[in-house]
There are 2 protein chains.
Amino acid sequence: MPKIVDPVARRRAVAQAVLSVAARHGLEHASLRNVADEAGLAIGSVRHYFADHDELMTFTMRELSRRIGDRIRTHAERLLTPDGRTDRRAATEELLAEFLPLDETRRQESALWLAFTAAAHTRPELRPCAAEMQADLHTLMTRVLHEARCAGGLPGSMDVELESTRLAALLDGLTLQATLLPDRYPPKLLRQVLRRHLDALRAGS
Amino acid sequence: MPKIVDPVARRRAVAQAVLSVAARHGLEHASLRNVADEAGLAIGSVRHYFADHDELMTFTMRELSRRIGDRIRTHAERLLTPDGRTDRRAATEELLAEFLPLDETRRQESALWLAFTAAAHTRPELRPCAAEMQADLHTLMTRVLHEARCAGGLPGSMDVELESTRLAALLDGLTLQATLLPDRYPPKLLRQVLRRHLDALRAGS
DNA sequence: AAAATATTAGCTCGGTCGTGCTATAAAGGC
DNA sequence: GCCTTTATAGCACGACCGAGCTAATATTTT
């Protein structure tokens, strides 16, 4: 038998290389050659783990989605399983703030998310994943608003479905703008806008 | 002298070809060859009007910006120079709705806007234009909210600057989502979300 | 020790790219 | 009619691309 290599770990490492190249030079430069260089592998090695370029891209997008999802889930659990001591309002704000590019890590993730989302427009193989990410966001917004309303934090007259869409759009829009112009949208401003929106929801309209 | 050709018209025609190709197959396929084919010209002809590929791209993005801007300005004038008979509230909603992908034309423009905006992340030459577009959006939101407040349509306690950012983010986010999943975000829903936001602003919070 | 095989490495092909460069065609001034 | 200027057309080069394919390497099991 040959050298034992954990195939999933390798695939993830290669996906990380794709993300690094894409973050630095754009998705269009994430060629097999550049990615192999970035990962410190030969081009043939990369092709051993991915059938073709498309599979590499779809896997990488799912990897990005998984990474963001993991980060969100951590906060979501804290919110959805309150231990009594946690401030629901603050926990909600923290959860939603997790989507915003508040530090360099999340700024880079946001930029990558935007790149893949835009690419999904003309690359059919990426569309399912992009659609899933958007659906997941909407679902999470619905859960958050629904539970907040049940807990009495939001008025019962609220249209949860509509407000979920509005909240999701606000987060996506803020992320888009802050990713493009980080200087004009410092973390403080982003949190301020989010807080304002939550306050408005709380007040009923 | 040679055959007389209006150079600006030609440049715009070529830019239109870029937009067509980009809308159909993505910005990365807007090569000189594909664009020349789309425009019905030889590759050399295209290069006669554009020094290099970068200039073609920057010009096309500005052209797109100009086209969207023109459409907006038409509505903006109607709102900012009211003739007494116009309903300010409805005119405002119409103006803001002009940003949303409510029909096929605007859906395509939105997709192109998104593609260029995403590309601006890693293409320095596109950044100034992207930044301008975003700044213009914010400025317009500020004007609309400011005038609406002066006209008594919005509470005086409102933080215009903050609400402008929030409104701009909402529009960008809605556009992003509706462009990616047109089926899930039909025009009716988009207008509903916009109306809800304006109602909330009106109610003071 | 040897055989088996997952892994790595790299050559080759056809294709597309931007761009430098040259050649032809058209049209108004002399 | 000729000449200058502008527009159009297209060849040629080097670079990069994805993918098919083969060979070498390394390591665990037999």
Side-chain angles (χ1 to χ4, degrees), chain A residues 1-61 115-116 119-120 122-126, chain B residues 1-61 115-116 119-120 122-126:
Chain A
M1 290 289 200
K3 177 163 60 178
I4 273 279
V5 169
D6 181 2
V8 296
R10 257 283 193 270
R11 282 168 70 93
R12 285 187 179 171
V14 175
Q16 173 55 47
V18 173
L19 293 176
S20 297
V21 173
R24 211 163 344 117
H25 300 114
L27 213 49
E28 69 276 14
H29 288 105
S31 64
L32 290 182
R33 286 166 171 83
N34 291 343
V35 169
D37 277 1
E38 179 75 23
L41 298 173
I43 186 172
S45 303
V46 173
R47 297 197 51 213
H48 184 254
Y49 294 99
F50 295 94
D52 55 11
H53 191 249
D54 275 9
E55 191 196 326
L56 174 60
M57 284 303 155
T58 53
F59 179 85
T60 302
M61 188 172 182
F116 275 99
T122 49
R123 296 202 206 177
E125 71 273 13
L126 297 181
Chain B
M1 289 290 199
K3 180 161 58 178
I4 273 279
V5 169
D6 181 1
V8 296
R10 258 282 194 272
R11 283 167 69 93
R12 285 186 179 173
V14 175
Q16 173 55 47
V18 173
L19 293 176
S20 298
V21 173
R24 210 162 345 116
H25 299 115
L27 212 49
E28 69 276 14
H29 288 106
S31 64
L32 290 182
R33 283 169 234 273
N34 291 343
V35 169
D37 277 359
E38 178 77 22
L41 297 173
I43 185 172
S45 302
V46 173
R47 296 194 51 208
H48 181 71
Y49 294 98
F50 295 95
D52 55 11
H53 191 249
D54 274 11
E55 190 195 328
L56 175 59
M57 285 303 155
T58 53
F59 179 85
T60 302
M61 187 172 183
F116 276 99
T122 49
R123 296 201 206 178
E125 71 273 13
L126 296 180

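Chain naming here is simple, since letters A, B, ... match the order of the sequence lines and numbering starts at 1 in each.
Taking OG1 from B/Thr58 and NE2 from B/His53, the interatomic distance works out to 10.5 Å, rounded to the nearest 0.5 Å. The distance from the NE2 atom of B/His25 to the CD atom of B/Glu38 is 9.0 Å, given to the nearest 0.5 Å. To the nearest 0.5 Å, the span separating CZ on B/Arg10 from CZ on B/Phe50 amounts to 11.0 Å. B/Met57 CE to B/Glu125 CD: the interatomic distance, rounded to the nearest 0.5 Å, is 9.5 Å.
Rounded to an integer number of Å, the gap from NE2 of B/His29 to P of D/dC16 is 19 Å. Distance A/Asp37 CG to C/dA9 P: 11 Å, rounded to the nearest Å. The nearest whole Å value for the distance from the CZ atom in A/Phe50 to the P atom in D/dG20 is 16 Å. At whole-Å resolution of the value, CD in B/Glu55 and C1' in C/dT19 are 14 Å apart. As rounded to whole Å, 12 Å separates atom C1' of D/dG18 from atom CG of A/Leu56. When rounded to the nearest whole Å, the span between CG of A/Asp54 and P of D/dA19 equals 7 Å. Put simply, CD1 on B/Ile43 is 16 Å from P on D/dC13, counting in whole angstrom units. When the C1' atom of D/dC21 is taken as reference, atom CG of A/Asp52 falls 16 Å away, rounded to whole Å.
Each of B/Gly40 and A/Arg33 has a nearest nucleotide on DNA chain D; the 5'-most of these lies closest to B/Gly40. With the nearest nucleotide of DNA chain D identified for both B/Ala42 and A/Ser31, B/Ala42 has the one nearer the 5' end. Toward the 5′ end of DNA chain C lies the nearest nucleotide of A/Arg47, the other residue of the pair A/Arg47 and B/Ala51 mapping further downstream.
Dashed line: the shortest gap from a side-chain N or O of B/His48 to OP1 or OP2 of D/dA7 is under 4.0 Å. Within the 4.0 Å cut-off from OP1 or OP2 of C/dT8, at least one side-chain nitrogen or oxygen of A/Tyr49 is found. The side chain of A/Asn34 places no N or O atom within less than 4.0 Å of a non-bridging phosphate oxygen (OP1 or OP2) of D/dC16.
A/Leu32 comes within contact range of the sugar-phosphate backbone alone, with a heavy-atom separation under 4.0 Å but no base atom that close.
Here the nucleotide nearest the side chain of B/Ser45, chosen from D/dA9, C/dT19, C/dA9, is D/dA9.
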Under the side chain to side chain contact (heavy atoms under 4.5 Å, CB included) rule, what do A/Arg123 and A/Met61 come out as? Steps first, then yes or no, please.
-> CA-CA 12 Å; A/Arg123 296 202 206 177; A/Met61 188 172 182; over 6 Å; no
